[in-house]
Protein chains: 2
Amino acid sequence: MMDTPKKYKLGLEAALDVIRGKWKGIILFHLSTGRKRTHELRTLIPEITQKVLTQQLRELEHDQIIHRILHIQNPPKVEYEVTAYGWKLADLLISLCNWGEQHLDNLHGDKSKLLEDYLLLSGGQEMQVPGNAE
Amino acid sequence: MMDTPKKYKLGLEAALDVIRGKWKGIILFHLSTGRKRTHELRTLIPEITQKVLTQQLRELEHDQIIHRILHIQNPPKVEYEVTAYGWKLADLLISLCNWGEQHLDNLHGDKSKLLEDYLLLSGGQEMQVPGNAE
DNA sequence: CTGCATCCCCTATGATACTG
DNA sequence: CAGTATCATAGGGGATGCAG
């Protein structure tokens, strides 16, 4: 998924590629609160399947965002952790999370703030120019 | 896509939902450099189809991230612009873009930096505990 | 406990043609 | 120019069973 000599025109494309996947962002966010075992992640994200969890963890690992820590013992124990490199991305996700929180607030009860911005912009700019072509 | 009384456990889920879609992030990023006409966007993102472009624009508009400016004239002229509300998100995308740029650098020629972080972490932590259960 | 292998489906995306 | 309407497709993701 990353080995392909894919041409990105924008850095953003590369970045979005890294967090593409239904759960990658969520996973990374949870790991940002500390190293987690596989099972803990499943508990934190009940909706995700084993397969997809492993899958997306592998991709994040491949992109050097997280780090897989294998403890050789019986029963096996595996932990995942954000790498120093990955933290740069994780921090952005945390910001995104904060934005999301506010966004949720806006979606719920209080729409005034959102509406305010809306009116502000549409006030002067959604003008209806009479029919003259350019 | 947003009217459904969806339960988010994390603000991040809501945020990721807003930029979910293959091109939404890219679109928003392009709009962050200024108001754009529909056709300009198609030029900036040649790979996107008319249908999908419109579709994702509608969703962003619905989430109040961007604003559709209709000039009634012939031929029709439509412009899209980031709302004040949307800017909070757009800013994050710009950061994400910067991260992506660096990430691309790491992927290309110089892997030293990335590797550095990697070694840093794995040095003390990828220990292989002998076989003792807990 | 963790992870792999299958099978299957759904939905987002793409291709194409048409309207105002 | 901008946007719909259809139909077709791919591939990400879900369910289940098995393995170390």
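This is a predicted model, so every value here is computed, not measured. Chain identifiers are assigned alphabetically (A, B, ...) following the order of the sequence lines, protein sequences preceding nucleic acid strands; residue numbering begins at 1 within each chain.
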If you find the nucleotide of DNA chain C closest to R42(A) and the one closest to P76(B), which residue's nucleotide is nearer the 5' end? R42(A)

Interface with DNA chain D, restricted to residues 49-56 of chain A and to heavy atoms under 4.0 Å: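 Hits under 4.0 Å, by residue number: T49(A), K51(A), V52(A), Q56(A).
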
Side-chain heavy-atom pair [X], [Y] within 4.5 angstrom cut-off:
X: V18(A); Y: W99(B); value: yes
X: I26(B); Y: L16(A); value: yes
X: K9(B); Y: E47(A); value: yes
X: K77(A); Y: I72(A); value: no

List in chain and number order the residues that pass side-chain hydrogen bond (donor to acceptor under 3.5 Å, both in side chains) with [X], two or more places apart in sequence or in another chain; answer none if no residue qualifies.
X: R58(B); result: Y80(B)
X: T33(A); result: K36(A)
X: E79(A); result: R35(A), H71(A)

If you find the nucleotide of DNA chain D closest to K22(A) and the one closest to L57(B), which residue's nucleotide is nearer the 5' end? L57(B)

Pick out which of Q55(A), Q56(A), E59(A) makes a side-chain hydrogen bond (donor to acceptor under 3.5 Å, both in side chains) with K24(A).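 So, applying the side-chain hydrogen bond (donor to acceptor under 3.5 Å, both in side chains) to K24(A) and each of Q55(A), Q56(A), E59(A), only E59(A) qualifies.
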
Please determine whether a side-chain nitrogen or oxygen atom of R68(A) lies at a distance below 4.0 Å from atom OP1 or OP2 of dG3(C).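 Answer yes for this pair, as a side-chain N or O of R68(A) is under 4.0 Å from OP1 or OP2.
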
For the helix from dC1(C)-dG20(D) to dG20(C)-dC1(D), figure out the bend between the end axes, five pairs an end, and round to 10 degrees. 50°

First contact, last contact: which nucleotides of DNA chain D are these for chain A, 5' to 3', heavy-atom distance under 4.0 Å?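 Reading along DNA chain D, I get dG13(D) to dG20(D).
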
